[in-house]
Every structure is written in C-alpha cells, then in structure tokens.
Amino acid sequence: MTGDPEGGQASAGEFAAWLVELKVRSGDPTLEQLTRLTDRVPRGVHVPKSTLGKALQGRSLPSLDVAVAIAQACVLHAHGTGDAMAAVRQECKDRWTRAKLSERVARISQSASEQPLEDPHLAEIRRHSEVEEAFLAKYYRCMTASLDRMELFGVTLRRQDFSYRMSTSYVSLSAVHHSATSRYRSLAPTPAAYEGNESGPLRVEHAIARSRRVLIRGDAGSGKTTLLKWIAVGAIHSVLPEPMTMWNRAVPFFLPLRHFPHELPTPEQFLDYAARTLTAAAPRGFVRSTLDSGNAIILIDGVDELPSGRRGEVRDWLRELTHSYEKCRYVVTSRQAAIDGGWLIDAGFLSLELMPMGPSDQNLFISHWHGTMQSASGDEQERDRLREHERALVRSMAERRELRRLGSNPLLCALLCALHWDREMHLPHDRLKLFEAALEMLLVRRDQQRNIAGDAVRLSTGVQELILRKLAYWMIRNDLTEVSLEQMAERVGSYLADTLVDTLDPTAVAQHLLVRTGLLRTPAVGRVDFVHRTFQEYLAADQLLNDDDLNFLVKHAHEDQWHDVVVMTSGRARDSERNHLVRSLLKRARKDKAQRVRLIVLAVDCAGNAPSLDNDLRRETQRRAQELIPPQDRKQAEALASLGEVALDQMPSPAAELRATEVEAILHTCQLVGSTAALPLLARYARFFDQSIARQLIDMWGDFDRGEYARVVMSALSEITWLTVDAELLPYLSCLTNLVRLRIDGPVASYEPVKGLESLRELNIVKPAPELSGLTIPSTLRIFSVIGRVQHQSFQGLLLPSVEFLQAEVRCADCDLTSLQLMAGMPWETRRDVAAMMTDCPVSDIDPEYLSAKFPALRKLATRTEYVAGIDQIASVLKRLQAWKSVTTFQLDITDAEGMGSQIAESLFLHWQTTTGILDDGRFRATFTRSS
C-alpha cells in the first residue's frame, strides 16, 4: 500500500472497469436503457444518465445503492434469473467495499504526503495510517460475521446452518418521541412538497437521524437489539438509508451491557464483545483516537438487563462518556419498565418509544419470514406450501383482531409465523398459549423431527424442561441475563442430582441443551443466554410455581424485572394459586403507599388475563381498578383494557382538567379494548380535544372497522391536517370532508375518492399507478406533488386550476420525457398560476427562457439533483434566471456534493444572495435569493 494521492481514483477506476465489463457481457445496453432498468430492479433506485456516466468512467465511486442498481440493471437487460441478480448484488457489494476501503486509505495517505518533506514524522504517519486501515478492515469483517445474522424464530431454529443476513432482511419499526407533557411531538417525516411539521409515529431510522444521542425504549421482543445490530452492519457497509446516510462514515462499537455484569467497559474494552479476537491486535490508542475524532457510533444495548441498583451507575457512565466524546453518535436501548423517558434528558438524549407493529408492518414481516423459509428450502413443493401459508396467515391477521394484537412485535409475529407453519395453520388465541406451543415445538417436536442418531446424551423432554426452568429461575433471581458455560455446567450438575440421570456429565448435558433445544444460544465465546428474555421469564414462572415461591414473587413484584414474570405466573397458575397471588398483590397495595399504583396495575393485569378467578376477588379487583381512572400511562391502560368493555364504562368524559398523558392513556385503553363500543367515547374525545389528539386517533384507525371508524371518529375532528393512506385505506376517505393534506403511498386501482375531499389543500402521490386512473383534483387544492413513474398522457391531462406549488419527480412509463418536460406539457389552466415548482432534473436541463413562457407566475424554482458539474454551471443558470424577473428564489439540493458545498458557500454570484446548509438526510442545500 502506498501514499499515492491517486489511490482514490484508482479504486473508483477499478470498480468502474468491472461495471463496464459487466455491461458489455450483458449485451452492452445504452445509458438510456440502463437508466430505465434501474427503476425495475429489486430495491432499486433511479440512476440518471449523468450519474451512470460518472460511475462507468471512474470519475468517482458511486454510493452502494447506485452501484448495486447499475449492476442489477445490467443483469436484468440480459434477462438474468433471480439467482443471477442475487449473485451480482453480492459481488457488487464485495467489490464496492474493497474499493471504498482503498479510497479511505488513499485519503489518509494523501494527507500524510502533504506534510513537508523535512517532517521527521512523515514515515510514522504513513505507517500508522496503513496499519490502522488494515486493522479497520479486519474489524469490519469480524463485526459483520458477529452481527450480520438475524435469529428469525422458526427459520434459524430449523436450519442452524442457514445464514439469515440482517443487512438484506431487516424490517423497519415505528417510533414516537417521549416527552413529559405529551406522548407525541413533531417527528413526522417532512412531506416532499411541504416543509412543515406533523406529530405522530415515524420510521425509527428517520427518528434516530434527528439527534446524535438517542434513547430507545420498547417492550420485550420489540426489536431493540436487532435495531442496534442493523445500524452497526449498515454503517460498516455504508448502506444505511436516508436520512441516516451521514452515519455511514462512522465506526460502530456494539456494547450489550449484559456482557459487562460487574464493571462497565472502558474504551479499551469496546472491542470485547463483537471482536474479542482482535483486541490484542488493535493499533495503540485505536478506540480512543476514533472516539476523539467523533467518527464513532456507540451502540449500548439493554440498560434493563443490569440490576436496578446499577442503573444510576450506568447513567453516570453515559454522562461521562458523552462529555468526553461529545462528537460521537450514541444509541441506548432499554425496556420501558426499567427507566422513564426522561432518564437521559439532561445528557442531551432524544427519547423514543418503539411502537407496536401495525397491519402493514406485520404483513411485511410475514412476507420476509416466509421468503426466508423459502430460501432455506430445497423442495419446490414445500416452497409452494410456504407461499400458500403466507397468504393464509395474512388473511387470518386481517380477519382476527386478537391475532393482530398477539403479533404486535417482531418476536411474537415470528412465533405466529412459525406456529402457523408447524401446526398447519392452527394458531393459539392468547399470549401464554403462544409461548406454550412454541416450547412444545422446540422441546418435543423439534427433537423428534431432527431424529439425530449417535447422541451421547439422552434426556427426556421432562428432564430438559426441568433443567431449563431451574436455570431460568436462578438467573432471574440473581439478576443475570447471561452466564458463562462453566457456570451453566455447574448449575446443571446440581439440577441433575434430583433426576434419574444424575450420572451424566454436566458439561455434556449443558452442551446438549445448548445445541439441541433451540432455547439457548451463545451470544459470545464461552457465554450462554436464552434466545429471548421472554422465554426465560416464561420458564421461570413455571419453576416459581413448582417451588411454591409466590410470597417471594409478591415481595419483589414492584421491581421491573419481575413484572412479566408476575403476569405469566398468574396465567400458568392453578385457580387457588392465582387467587392467592392476586389477593396478596392487593393486600400489599393497601399497605405499601409508595408502590400502590404499580401493584394495583399488576393485580388488574393478572385478573384481566385470568382464565378463572374467585368472583368476590374479581369484583374487588374491578373496584381497585377505579383507582387507576384516569390511567396515567400505557401500563395502566393495558391493565384496564384487560378487563374488556367494562373498562370503557369507567372512563371519564372529556374535560379540560385532564392532562395530555391521561388523555393519551384513555385513548390507548379504548384502542386495546378495540370493540365498536369504544367508538362513541373516542368521538366525544375527538370533538372536545380536536387537534391535540388528532394524530393519535388517526394512528388507531387500523385497529377498528375502517369504514365505521372513519364515519364515527375521524369525521368528528374539525380538521385532519395530515393523513397518509395506501390502496387499502383510500376507499374509506369519502366521509372525511375535514381532510386538509393527504399522501397516497403506492399504486391504487382508482383515485376517485380524492374528488370528494372538499377541504383538501395538499396532495402528495408517491409511487403511483402510472395511469392515475380516476384522479380528479378538488378546486381547493393548492399543493400537488407526484414522485414515481407515470404515463405522460395521464399526467399531462391533469387539470389543477388552483395549484400554486407543483412538484414532479417523475419518469414517464412509456417515453423519454423528463420531469420538466412533463410539467411543461400540462394544461395552461394548470401552469398559469403556479408560483413555486420543484423537480429532480440536472442543473444543465434548466432552460429559463423556455420555462418562463410555460410558467409566467413562477417565483420559486427548486431542483433535487445527483451532482453538479461545477460552479460555472450554477453561475450560468443564475445568469439566465436573472432575465426571468418573476423568479426571486432558486433552490438547489445536491445528493453528492463532492466538495461543491464549500465552493458554493464561498462563491459570490452577481445579483444573488446565497445561504447553504445540510438537510437531515445528508443532502446539501443551497438557496439563491435575488438581491433587491
């Protein structure tokens, strides 16, 4: 490796040579053909001809998404198979990663070469940069091997040798901002044509990108650990999507706190979990220098997995860490019950809560699960059956509300998929039955189906379950989420003493359980934990009942690590045991004022989910539940909702003295009860509180009958300021005459319902059906945006007589017209009053003389472009715009600024004032305003 300053060009050139070779082998398609094909490849991105030219000429290394789209477009042109597409995608990623690393080394070496020749430290600088880059490449490979694999329940358990890559199969989650006064705050994605703010759930990658420090709280199984691994792997391979692209340049450190049970890690220990074998080989000061540079992502998983007494220590450690390395990015996770949303607010952390999966998330997850199972199968008949099972499960989820509630997070949704397949489409009806069926599948049927001969250890299902129950209970009592293999073997030895197989070697039995049951795993070398903490809690509840330890459970019930164990114990208990548990919780609640509410919540939760309970005790529990009215948070809402429709009768009428958190919890209770009986109460709240709760009411739409909910609840709002729908929800909009701004995602059969929206002022259509069938624009519309592929006759036939802002980032499905040409061909009645316009054309395509005749009233022109050739090109456009007197503002968003940003900011343009900035998604924005 040398310090040749042309090394970056060499890496881009070598990658370009491979692309050109691939292009020739694929029949040598034209740039125009490749541009069209990039829209059609799986997970593709549109690549303009200008970007294609740069990539194929080796002028710069394209982004990974662009590179993969070009490579797959070549294969698509040659009519390649799905396997060929997957193979070229992987080869492209490998080649691109090597080129990117080479480019980084070249930049560091060039920096070193720019030192004066007489500098005595020159050789040391070069040597250090090369050693550090070589180590970084090894570290990335080690991290990828450790983290780029998802344990998808039912797939990896069935085929432990099957590689299920997170980087290609991750399903995004939704999150909301937590604040002390209201559950929702402005975090919604900015609509393409309107830079305003909306409150409500947001895709977690968009939420995280808003801050360098983020605390993420979520319930068990909600995907917290998987999210952190996805961030780490995505940053390593520079494939994190917008708006997290700025994170792609950072070095991730993954720190699961359960791995540090005795002492929190120092920077020198940051490699211990995911890259332990490289710790000794790390260049001196590697971690600290990376942290000092700010080019690091510190991913801290599982605050809740340390004992509650140590969480103050964790907070102090995080404060010290963020103070010492304030430029780094931090993401911290915890269960909600362990810490509140303001736990790290004084350290500058944005607090997010992961939301339950909605119907569209569940359907996407089901598709991923079955698609992965198909990839793991070599039997075509089995693959056909999997496709049939997928369709059947999607139908069942749509028809059975209890299944949608049951599959509310990734773990439970995966359990549903696995059991639906294993049990030939027969599914449990409640959460405990779901876990019971999963354990039966893992401990009994899995062993029978595998039928492995020659195993030195033979254990009955009963003995295996006994050992696992005892181990789970012992770990929870000792605040442990993982143990060493030696500790496990020691415990197994003590448990075997109570069985008929006490002569077996404990280490061999421990290894047998680890390999054969599917309930244990090795998160790191020599360490053991349960595949998910929820299984550990379920097994511990069974053992607690077996040991008759209910009094111990009641004593510790207020501690957050025991909450789920209490509820599971109640569900698994015999009638007398359950009565004793609930009665004891209520008794303790009367005496313990400090923990009264938490204990009542637990008692109500147990009673609401109990298959049977003493009648007098049930009535007493319902009386005590009134002490939770109005509910203060989600946990209280969940406890009350478990009582069913009787909880609705106890809810207060809307009143001004109710706090925002109480209103949110009341609405959440109605959502969980879920019956039509909740709709009149929700409508009363909609009319009373109106806009302050509109976003929450809209987000609950999918949990009720779509038409009835829209008619009774959503129409009760005086105004719906923003709504996003797809083909499933669009038909129910006809009664929403109060809708102001609408976004339609994905193709729909007919856009006819838009016609009756008499208050609509903004319409955004993303990835439309090209024909735009039935689209008639209301006369009230002022902002119109289309992003995707359209048929030019349909698009140019749209009559928009009152539109003032027009955005088109489109490609014609049946011709070569650009976005500007498509807009310029719209009716005169549409064009004459347009005051602001946004497009996605290159700067070189902007022709002010031509456009001024087409849009005489235009005052602001904006374009999003891949790159700009140079300052002279911008100056030329501004000079020509000078003659177009009505235009006072020109806005330019550049995806790949390549150093142009600083040049634009430092340049002076005659008659124009310049302001610049970086957007949330990493794009560079320059705004040019005509001087007065």
Side-chain angles (χ1 to χ4, degrees), residues 42-45 61-69 86 89-90 92-101 103-104 136-137 139-152 163-175 189 202-214 216 222-256 270 273-275 290 294-301 328-333 352 354 361 364-365 368 372 410 895-896 920-923:
R43 294 191 292 274
V45 295
L61 188 66
S63 69
L64 180 57
D65 285 346
V66 168
V68 169
R89 178 182 180 86
Q90 188 58 51
C92 183
K93 290 175 71 173
D94 292 342
R95 287 179 179 272
W96 184 92
T97 301
R98 289 197 297 271
K100 193 71 173 177
L101 286 171
E103 191 178 68
R104 288 177 181 173
L136 194 60
Y139 175 64
Y140 283 170
R141 287 195 295 270
C142 193
M143 285 279 283
T144 299
S146 176
L147 302 181
D148 193 13
R149 185 176 186 274
M150 290 181 70
E151 292 177 346
L152 191 63
S163 178
Y164 180 60
R165 299 187 64 183
M166 179 177 338
S167 53
T168 58
S169 304
Y170 174 75
V171 176
S172 178
L173 305 168
S174 295
L202 178 64
R203 284 297 165 191
V204 72
E205 56 269 23
H206 287 265
I208 290 174
R210 303 252 169 149
S211 176
R212 300 181 77 88
R213 302 176 186 180
V214 181
I216 296 177
S222 58
K224 301 181 293 295
T225 302
T226 301
L227 172 62
L228 295 193
K229 291 181 177 181
W230 174 78
I231 292 173
V233 173
I236 287 170
H237 295 289
S238 294
V239 293
L240 289 174
E242 292 186 0
M244 289 186 70
T245 50
M246 296 298 287
W247 295 50
N248 283 328
R249 301 177 178 89
V251 179
F253 298 101
F254 183 66
L255 305 173
F270 278 16
Y273 177 78
T290 304
N295 189 40
I297 307 171
I298 304 174
L299 304 164
I300 299 165
D301 187 40
C328 296
R329 290 180 167 87
Y330 298 82
V331 185
V332 181
T333 70
L352 302 175
L354 292 179
D361 295 328
L364 181 60
F365 188 97
H368 272 274
T372 306
T895 302
D896 186 5
D920 286 342
D921 59 8
R923 285 181 292 118

Could you tell me which non-hydrogen atom of [X] sits nearest to which non-hydrogen atom of [Y], and how far apart they are?
| X | Y | answer |
| --- | --- | --- |
| Leu173 | Ser222 | CD1-O, 3.4 Å |
| Arg212 | Gly294 | NH2-O, 4.0 Å |
| Pro252 | Ala232 | CG-O, 3.6 Å |
| Ala207 | Leu352 | CB-CD1, 3.5 Å |
| Pro410 | Phe365 | O-CZ, 3.4 Å |

Check: [Y] and [X] side chains under 4.5 Å, non-hydrogen atoms:
| X | Y | value |
| --- | --- | --- |
| Ile298 | Phe254 | no |
| Ile231 | Met244 | yes |
| Ile208 | Leu227 | yes |
| Trp96 | Val68 | no |
| Phe253 | Leu299 | no |
| Ser172 | Glu205 | yes |
| Ile297 | Trp247 | yes |
| Val204 | Leu354 | yes |

Does the salt bridge (Lys or Arg N to Asp or Glu O under 4.0 Å) test come out yes or no for Asp361 and Arg203, once each step is laid out?
-> CA-CA 11 Å; Asp361 295 328; Arg203 284 297 165 191; 2.5 Å; yes
Got a donor-acceptor contact below 3.5 angstrom from the Asn248 side chain to the Leu240 backbone?
-> yes
Hey, does the side chain of Ser146 reach the backbone of Cys142 with a donor-acceptor pair shorter than 3.5 angstrom?
-> no
Rounded to the nearest 0.5 Å, how far does [atom2] of [Y] lie from [atom1] of [X]?
| X | Y | atom1 | atom2 | answer |
| --- | --- | --- | --- | --- |
| Lys229 | Thr144 | NZ | OG1 | 13.0 Å |
| Ile236 | Arg141 | CD1 | CZ | 11.5 Å |
| Thr333 | Ile216 | OG1 | CD1 | 7.5 Å |
| Ile300 | Phe270 | CD1 | CZ | 6.5 Å |
| Lys93 | His237 | NZ | NE2 | 6.5 Å |

